[in-house]
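Data block below; observations after.
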Amino acid sequence: MATLERRPLVAANWKMQLTRAEAATYCRALLAGGTASAVEILLLPSYPLLGTVTEALAGSAIALGAQDLSPEPGGAFTGDVSAAQLVDAGCRYVICGHSERRRLHGEDDALVAAKARAALASGLAPIVCVGESREERHGGRTFDVLARQLEPLPVDPRLVLAYEPLWAIGTGETATPDTAADAHSYLRSRLERRAGAEQAARQRILYGGSVTPENAPALAGEHDIDGFLVGGASLDPMRFRAIISSFAVP
Ligand code: PGA
């Protein structure tokens, strides 16, 4: 459970899904349930939906973010999108280094760190995804992988980490609360070593990987789990809302 220093953040990673009309309908349904102030709610649509979602969320407390960005500030980079363009489109957050980008687009730790720096330089909060594969976990290398992924990242209190074990993403196999808590507490200890206890206590670490309304409450109860990055279950606004509520309990 997040602490007073860390307001829970629950983010919907829609991935490459939904049309503008579907996104607008989704936002109406989500807003109809009100927005609990104890939890920061974030939608992460793909680029062509950003304008529609900004309009649909106008006047609400729900934040907007993007799923990726270029490390470059601008110029001849066909197909890429810069941090400044995302800020201009109304974004406050951006995912960096989602495992689908690392795996399908060959993004390495250095590129992910460059993206996180570019985000921070423009005033966006990066949500940097880290996590081990099934093979790495079985080989006892989970913490080594997390340490390696963390190492090149900028030290900044605005940076949000998302622990997303690869074997849990889109598989229906969630990390148990104990397994996730171990990884989160390890990540917090690494943050402490890098930035000091005070800053580490303020940084949020989200869990992602097959989060559902059914498994969210037990995960949300863990001390170092400060929110969720939700894929599949976030596509239904009612299920997403139920996941948000797992943190809204006093
Ligand atoms: P999932 O995706 O909830 O569908 O497992 C999480 C993510 O990829 O961010």
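Order of listing sets the numbers, starting from 1, for every ligand and every atom in it.
- Between G170, G232, G231, it is G170 that holds the heavy atom closest to atom 5 (O) of ligand 1.
- W167 and E135 are not linked by any side-chain donor-acceptor pair at a separation below 3.5 angstrom, with hydrogens and angles left out of the test.
- Looking at S99 against ligand 1, nothing comes within 4.0 Å, counting heavy atoms.
- Closest to atom 2 (O) of ligand 1 by heavy atom, among K15, E164, Q67, is K15.
- Ring pair F143/Y186 is parallel by interplanar angle, where below 30° counts as parallel and above 60° as perpendicular.
- Near H98, with a cut-off below 4.0 Å to any heavy atom, the atoms of ligand 1 are 7 (C), 8 (O), 9 (O).
- Checked by atom type and distance alone, the side chain of S122 never pairs as donor or acceptor with a backbone atom of A119 at under 3.5 Å.
- Distances from ligand 1 to the non-hydrogen atoms of A168 include at least one value under 4.0 Å.
- Against a heavy-atom cut-off of under 4.0 Å, G209 is close to the following atoms of ligand 1: 5 (O).
- Not close to ligand 1: G208, with no non-hydrogen atom less than 4.0 angstrom away.
- Of the candidates A233, A11, S210, S210 brings a heavy atom nearest to atom 1 (P) of ligand 1.
- Electrostatic pairing of D109 and R102 counts as a salt bridge here, judged by a charged N lying under 4.0 Å from a carboxylate O.
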_Quick one, Y47 with Q67, criterion side chain to side chain contact (heavy atoms under 4.5 Å, CB included). Give me CA distance, side-chain angles, the key distance, then yes/no._
CA-CA 8 Å; Y47 299 134; Q67 299 170 13; over 6 Å; no
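- Close approach to I169 involves these atoms of ligand 1, each under 4.0 Å from a residue heavy atom: 2 (O), 5 (O), 8 (O).
- Taking the six-membered ring where the residue is Trp, H184 and Y207 present tilted rings, their angle falling between 30° and 60°.
- Not a single donor-acceptor pair under 3.5 Å links the side chain of E132 to the backbone N or O of L146.
- Only the side chain of N13 comes within contact range of ligand 1, with a heavy atom under 4.0 Å; no backbone atom does.
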